[in-house]
**Student:** 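Take this structure, written in structure tokens, and hold onto it; I'll ask about it next.
First the proteins, then the strands, lettered A, B, ... as listed; each starts at 1.
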Amino acid sequence: MPLTLPPIPDDVLSPPDLTAAAAVQRRLAAQMVMEGPPQPVRLLAGVDVSAFPRDPAGRIFAAVVLLDATTLQVRATATAMRIAPMPYVPGYLGFREVPALLAAFAELPEMPDLILVDGHGISHPRGLGIATHLGVLLDRPTIGVAKSVLVGRPEGDLPPARGASVPLVWKGRTIASVLRSKDKVAPLYVSVGHRVTPEAALAHTLAATTRYRLPEPTRAAHNAANAFRLAWTAEHGR
DNA sequence: GCGACAG
DNA sequence: ATCTTGTCGC
């Protein structure tokens, strides 16, 4: 019944140190494909994780929510808990969250056509933000939807109206779009994750956004991950 | 060497 | 990331 996912090598899931982790990132980044989804997008997915602030156990509670791409209605939700293989270090977020996210994906009834991830895609020091990291391992289309900048700076002034966007530039290259997803609120940073074009990433993100700053897929996943963490804690302990 | 630094 | 009351602007 559950999905069968590609096998992932141990050193990719849990590298021994940051030097090895960076090497894994460069290798996976070389596999990123920036071409649009082959078939039409009917099923969207949003993913996110929740965790306790200074949890000594390093527990990561992940959620994947499936939504109808047209109505944005939730069709299914899957969750999973895993222990993070390393502490949070800017630039290495994927190693903390991907294992739990993959476990949650394995519980889904079907694979989505496009996945929105809470975090950056290629707008990362080594081109492997969590959205690209997850997308390459699953070899599925992903988009990075971050709430703040990791690297780069907006080019020009961003108009206050929903839908407005300017490039996020780093080292002379455009690595993401700074998108005003809602009138007069802080922008989102939308980047290519895997198997999607920059234009499609921006269009799909805006199309999936209604009355809130965050697009529905990511918003629903955030709520689901948080609810899962609280429920898990209530049933088990600590 | 110093500052920056997704979630 | 999470915690949390009040407060500000539309």
**Student:** Indicate, with a heavy-atom threshold strictly under 4.0 Å, whether A/H222 touches base, sugar-phosphate, or nothing.
**Tutor:**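 Sugar-phosphate contact only - A/H222 comes under 4.0 Å of backbone atoms but never of a base.
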
**Student:** Name the nucleic acid region contacted by A/S123, choosing base, sugar-phosphate or nothing; use a 4.0 angstrom heavy-atom cut-off, strictly under.
**Tutor:**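 Nothing: the residue A/S123, judged by heavy atoms under 4.0 Å, touches no strand.
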
**Student:** Side chains of A/T210 and A/E216 only: does a donor on one sit below 3.5 Å from an acceptor on the other?
**Tutor:**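 Per modelled atom types, A/T210 and A/E216 side chains form a pair under 3.5 Å.
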
**Student:** When Watson-Crick pairs (N1 to N3 and N6-O4 or O6-N4) and G-U wobble pairs (N1-O2 and O6-N3) count only below 3.5 Å on both distances, what is the dot-bracket string of DNA chain B, with | for other-strand pairs?
**Tutor:** .......

**Student:** Students often get this wrong, so: under 4.0 angstrom with heavy atoms, is A/G144 touching a base, only sugar-phosphate, or nothing?
**Tutor:**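 No contact.
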
**Student:** Enumerate, atom names and distances included, each donor-acceptor pair closer than 3.5 Å involving a side-chain atom of residues 89-105 of chain A, sequence neighbours excluded.
**Tutor:**
{"from": "A/Y92", "atom 1": "OH", "to": "A/R126", "atom 2": "NH2", "distance (Å)": "3.3"}
{"from": "A/R96", "atom 1": "NH1", "to": "A/M86", "atom 2": "O", "distance (Å)": "2.7"}

**Student:** Partners of A/R75 by salt bridge (charged side-chain N to carboxylate O under 4.0 Å, His left out), sequence neighbours excluded?
**Tutor:**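 A/D68.
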
**Student:** Students often mix this up, so state it plainly: with edges at 30° and 60°, are the rings of A/H120 and A/Y189 parallel, tilted or perpendicular?
**Tutor:**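 Tilted, since the angle between the ring planes falls between 30° and 60°.
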
**Student:** Output the rounded distance in Å from CZ (A/R59) to P (C/dA1).
**Tutor:**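 Rounding to the nearest Å, CZ of A/R59 and P of C/dA1 are 18 Å apart.
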
**Student:** So do A/V47 and A/I115 actually touch side chain to side chain, heavy atoms under 4.5 Å?
**Tutor:**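 The answer is yes, as the side chains (C-beta and beyond) meet within the 4.5 Å cut-off.
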
**Student:** Quick one: label A/V149 by what it contacts on the DNA or RNA (base, sugar-phosphate, nothing), any heavy atom closer than 4.0 Å.
**Tutor:**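 The residue A/V149 makes sugar-phosphate contact but no base contact.
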
**Student:** Need two values: the first and the last nucleotide of DNA chain B, 5' to 3', having an atom under 4.0 Å from any heavy-atom of chain A.
**Tutor:**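 Going 5' to 3' along DNA chain B, contacts run B/dC5 to B/dG7.
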
**Student:** Looking at A/A69 and A/L43, what are the two nearest heavy atoms and their distance?
**Tutor:**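 Nearest pair, atom of A/A69 first, then A/L43: CB-N, 4.3 Å.
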
**Student:** In a check of side chain to side chain contact (heavy atoms under 4.5 Å, CB included) between A/H133 and each of A/L128, A/L138, A/V24, A/V117, which one passes?
**Tutor:**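 One option only clears the test, and that one is A/L128.
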
**Student:** Roughly, in whole Å, what's the span from CG in A/D118 to P in C/dA1?
**Tutor:**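 To the nearest whole Å, that distance equals 6 Å.
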
**Student:** With a cut-off of 6.0 Å (strictly less than), are more than 12 heavy atoms of other residues, nucleotides or ligands near CE of A/M81?
**Tutor:**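 Counting neighbours around CE of A/M81, more than 12 heavy atoms of other residues, nucleotides or ligands fall under 6.0 Å, so yes.
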
**Student:** Check whether more than 12 heavy atoms from other residues, nucleotides or ligands sit under 6.0 Å from atom CG of A/D157, and answer yes or no.
**Tutor:**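 Result for CG/A/D157: open.
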
**Student:** Counting primed atoms plus P, OP1 and OP2 as sugar-phosphate and everything else as base, spell out the protein contacts along nucleotides 3-10 of chain C at 4.0 Å heavy-atom distance: B, S or - for each nucleotide, 5' to 3'.
**Tutor:** S-------

**Student:** State whether the side chain of A/T218 and the backbone N or O of A/L214 hold a donor-acceptor pair below 3.5 Å, judged by distance alone.
**Tutor:**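 Flag not set: sc A/T218 to bb A/L214 has no pair under 3.5 Å.
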
**Student:** NA contact type, A/Y92, heavy-atom cut-off 4.0 Å: base, sugar-phosphate, or nothing?
**Tutor:**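 Answer is base: heavy atoms of A/Y92 come under 4.0 Å of a base.
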
**Student:** Among residues two or more places apart or on two chains, list those pairs meeting salt bridge (charged side-chain N to carboxylate O under 4.0 Å, His left out) that have a residue in residues 39-56 of chain A.
**Tutor:**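 Non-adjacent pairs meeting salt bridge (charged side-chain N to carboxylate O under 4.0 Å, His left out): A/D55-A/R59.
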
